[in-house]
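Structure first, commentary second.
Small disclaimer: the values here were computed from a predicted structure and weren't measured. So that the names make sense, note that chain A is the first sequence line, chain B the second, and so on, each numbered from 1.
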Protein chains: 2
Amino acid sequence: MEWSIQDIARIAGTTSRTLRHYGEAGLLQPSRIGANGYRYYDEDALTRLQRILLLRELGLGIPSIVEVMQGETDDAHALVSHLQLLAQEKTRLDRQIASVALTIRKLKGGEQLMAEEMFDGFDHTTYQAEVEQRWGKDAYTRSDQWWRSKSDEEKAAFTAQHVAIAADYASARSGGAASDSDDVQAIVARHVDWLNLSSPVTGGAITARRLVGYGDMYVGDPRFAANYGGRDGAEFVREAFVYYAEHSLA
Amino acid sequence: MEWSIQDIARIAGTTSRTLRHYGEAGLLQPSRIGANGYRYYDEDALTRLQRILLLRELGLGIPSIVEVMQGETDDAHALVSHLQLLAQEKTRLDRQIASVALTIRKLKGGEQLMAEEMFDGFDHTTYQAEVEQRWGKDAYTRSDQWWRSKSDEEKAAFTAQHVAIAADYASARSGGAASDSDDVQAIVARHVDWLNLSSPVTGGAITARRLVGYGDMYVGDPRFAANYGGRDGAEFVREAFVYYAEHSLA
DNA sequence: CTACAAGTTGACGCAGCGTCAATGTCAACA
DNA sequence: TGTTGACATTGACGCTGCGTCAACTTGTAG
């Protein structure tokens with residue numbers, strides 16, 4: 001059996017450009033080249049290609065894959081060192097997220113705005129007067145003190161976590177995931193953990209009832225919905241909350 | 001005041017090449033260009049450059065910075081959307097780390113090897129016989145059962161966490177951090193959390209005494225030291241453990 | 001006036017392909 | 001057999017953010 005470059009690309013789920021690139025890189029040569037210069041690939045090449053694509057999906061660079069395919073390194077070894085790279089990347093990212101969050105807060109004008117901002121994302125009340133009206137007269141003070149008690153690092157981490165959670169909802173939703181899918185429910189679990197971080201302020205761990213209450217608030221208030229990509233995003237989160245409340249907080 | 005490209009680069013802590021690049025990108029023009037083509041920069045340019053470098057450190061791309069500098073977006077807004085990018089990147093990385101860890105385990109030949117591998121990283125005993133001798137006759141069984149009780153995702157996460165921790169030690173050490181520095185002690189805190197994950201097996205949370213014991217083992221056994229970059233790395237971890245044990249587990 | 005160090009410039013390189021413009025191939029139709 | 005149009009295929013350039021380098025200037029010491 002023999003296929004043209006386009007055929008192989010379709011079968012393996014990649015592009016002809018990529019195949020030519022692998023050819024240049026010495027990763028995968030066509031099994032035959034026609035008199036007209038066209039590349040043709042056989043079944044061995046297809047198998048090899050699929051292995052290459054797997055390693056690429058795992059993030060290995062072409063030189064590493066070349067090594068592996070030449071048998072100088074076994075797959076596991078290459079993946080382990082790759083894993084170390086990924087881990088480093090991750091901590092670098094974590095650090096950067098923390099500094100960016102910190103810088104944002106500094107730019108926004110110092111501690112004064114912090115309680116508001118945090119409350120804004122946390123229980124959707126932006127102004128002190130509103131907080132007091134909605135949550136009781138000393139809620140603002142309690143929250144403000146709690147927030148001030150945190151170090152800069154902790155504040156940044158807290159903010160960053162929420163941003164990450166919101167981003168995850170967004171990508172899950174755009175990827176077509178259902179609000180009761182495992183993926184989304186896993187995000188909710190993290191979200192609940194995050195909410196529980198401030199349980200000292202709100203008085204105890206999240207209950208099913210409270211979680212659904214939050215969901216309603218997210219949908220009802222555009223300032224909060226904005227955190228989740230608008231009304232539709234907030235609605236998605238609310239559905240996920242409801243499901244989670246029923247199945248995991250019962 | 002006016003400086004040559006090299007002067008400005010040194011003052012701001014960057015390179016002349018970078019400055020020329022920013023020039024081409026329209027980010028930062030020299031305040032004057034000599035008849036010989038040499039670039040000269042004044043104080044305004046220096047101020048602007050420092051702002052640019054700050055945003056770059058936070059990971060903003062040049063086009064984004066151009067926007068910000070043109071006043072089309074304020075800093076905070078740009079950083080918030082950048083933060084979302086970073087958060088997405090992070091979850092992508094998390095997923096990839098999990099898949100790589102999972103793939104590694106699959107390659108290593110299924111469940112059979114898992115208990116060994118995990119024990120290998122966890123308390124340095126590679127072989128069943130050795131485990132039994134060192135930790136008591138049913139330690140291996142307990143550990144094996146505990147490990148088997150985990151889902152694939154959980155196993156992958158567990159492995160990935162340890163790799164990340166080891167990588168963090170390595171980068172901290174190569175960055176010249178002391179074992180009693182805040183950064184390193186924060187890594188130890190995560191390490192302790194990680195060790196506590198298997199407290200059901202080892203019988204209760206880590207104590208100061210046990211932590212130091214682990215440190216000694218890491219240094220003493222090359223198979224384990226390998227996880228932390230060899231003897232020197234293990235020694236570094238041991239020092240960090242000792243400090244942590246005295247100051248945070250007292 | 002020479003010799004040499006230090007500075008400056010534009011150009012190429014890199015990773016992993018996406019995206020062309022320029023040709024080539026092939027079946028259908030005249 | 002010649003034409004046409006739909007698809008394929010190829011090599012080349014582009015992209016990010018600079019590091020690195022060869023070639024050329026400038027300035028200082030002797």
Side-chain angles (χ1 to χ4, degrees), chain A residues 2-41 45 49 51-69 78 81-82 85-86 89 92-93 96, chain B residues 2-41 45 48-49 51-69 78 82 85-86 89 92-93 96:
Chain A
E2 194 184 60
W3 301 275
S4 75
I5 192 170
Q6 194 74 283
D7 290 339
I8 278 280
R10 268 193 295 253
I11 293 172
T14 181
T15 71
S16 63
R17 179 65 187 85
T18 299
L19 288 172
R20 271 180 290 135
H21 186 60
Y22 291 165
E24 292 168 22
L27 240 189
L28 179 69
Q29 303 297 344
S31 54
R32 182 174 73 83
I33 296 196
N36 48 18
Y38 282 23
R39 294 159 168 86
Y40 297 94
Y41 298 82
L49 173 59
R51 194 156 151 236
I52 293 172
L53 290 176
L54 170 65
L55 293 173
R56 278 263 33 184
E57 266 179 48
L58 294 177
L60 285 214
I62 290 192
S64 309
I65 299 185
V66 170
E67 258 188 62
V68 172
M69 303 301 273
S81 44
H82 179 57
L85 280 185
L86 291 179
E89 248 324 83
R92 201 184 56 75
L93 249 185
Q96 201 169 49
Chain B
E2 194 183 58
W3 299 276
S4 74
I5 192 170
Q6 193 75 282
D7 290 340
I8 277 279
R10 267 193 293 255
I11 293 172
T14 181
T15 71
S16 63
R17 179 63 187 87
T18 299
L19 288 172
R20 272 179 291 135
H21 185 61
Y22 292 165
E24 291 169 22
L27 241 189
L28 179 70
Q29 303 298 345
S31 54
R32 184 173 72 84
I33 296 196
N36 48 16
Y38 282 22
R39 294 160 169 84
Y40 297 94
Y41 299 81
R48 192 179 161 90
L49 173 59
R51 198 160 148 232
I52 292 172
L53 290 175
L54 170 63
L55 293 175
R56 279 259 6 136
E57 266 179 49
L58 295 176
L60 286 215
I62 290 191
S64 308
I65 300 185
V66 170
E67 258 187 63
V68 172
M69 303 302 272
H82 179 58
L85 279 185
L86 291 180
E89 247 324 84
R92 200 184 57 76
L93 249 185
Q96 201 168 52

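- Following rounding to the nearest Å, B/Leu27 (CG) and D/dT16 (C1') show an atom-to-atom distance of 13 Å.
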What nitrogen or oxygen pairs link the protein and nucleotides 22-28 of chain C at under 3.5 Å?
from	atom 1	to	atom 2	distance (Å)
C/dT25	OP1	A/Asn36	ND2	3.1

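- Nucleic acid contact for A/Ser16: none, since no nucleic acid atom lies under 4.0 Å from a heavy atom of the residue.
- Atom CG in A/Leu19 sits about 13 Å away from atom C1' in D/dT10, given to the nearest Å.
- Atom-to-atom, CD of A/Glu24 to C1' of D/dT9 comes out at 14 Å; the value is rounded to the nearest Å.
- In this structure, A/Leu60 places its CG atom 10 Å from P of C/dG16, rounding to the nearest Å.
- Taking 4.0 angstrom as the limit, B/Thr15 places a side-chain polar atom (N or O) nearer than this to OP1 or OP2 of D/dG19.
- Taking atom CZ of B/Arg39 as the reference point, atom C1' of C/dT9 lies 7 Å away to the nearest angstrom.
- Between A/Tyr22 and C/dC17 there is a side-chain N or O to OP1 or OP2 distance below 4.0 Å.
- Contact annotation: A/Thr18 does not reach the phosphate of C/dG16 (side-chain N/O to OP1 or OP2, under 4.0 Å).
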N/O contacts under 3.5 Å, protein versus nucleotides 11-15 of chain C?
from	atom 1	to	atom 2	distance (Å)
C/dA11	N6	B/Arg17	NE	3.2

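- Going from atom CG of A/Leu28 over to atom C1' of C/dG16 covers 15 Å, rounded to whole Å.
- Between B/Tyr41 atom OH and C/dG7 atom C1' the separation is 14 Å, expressed in whole Å.
- A heavy-atom distance below 4.0 Å to DNA chain D is reached by none of the residues of residues 4-11 of chain B.
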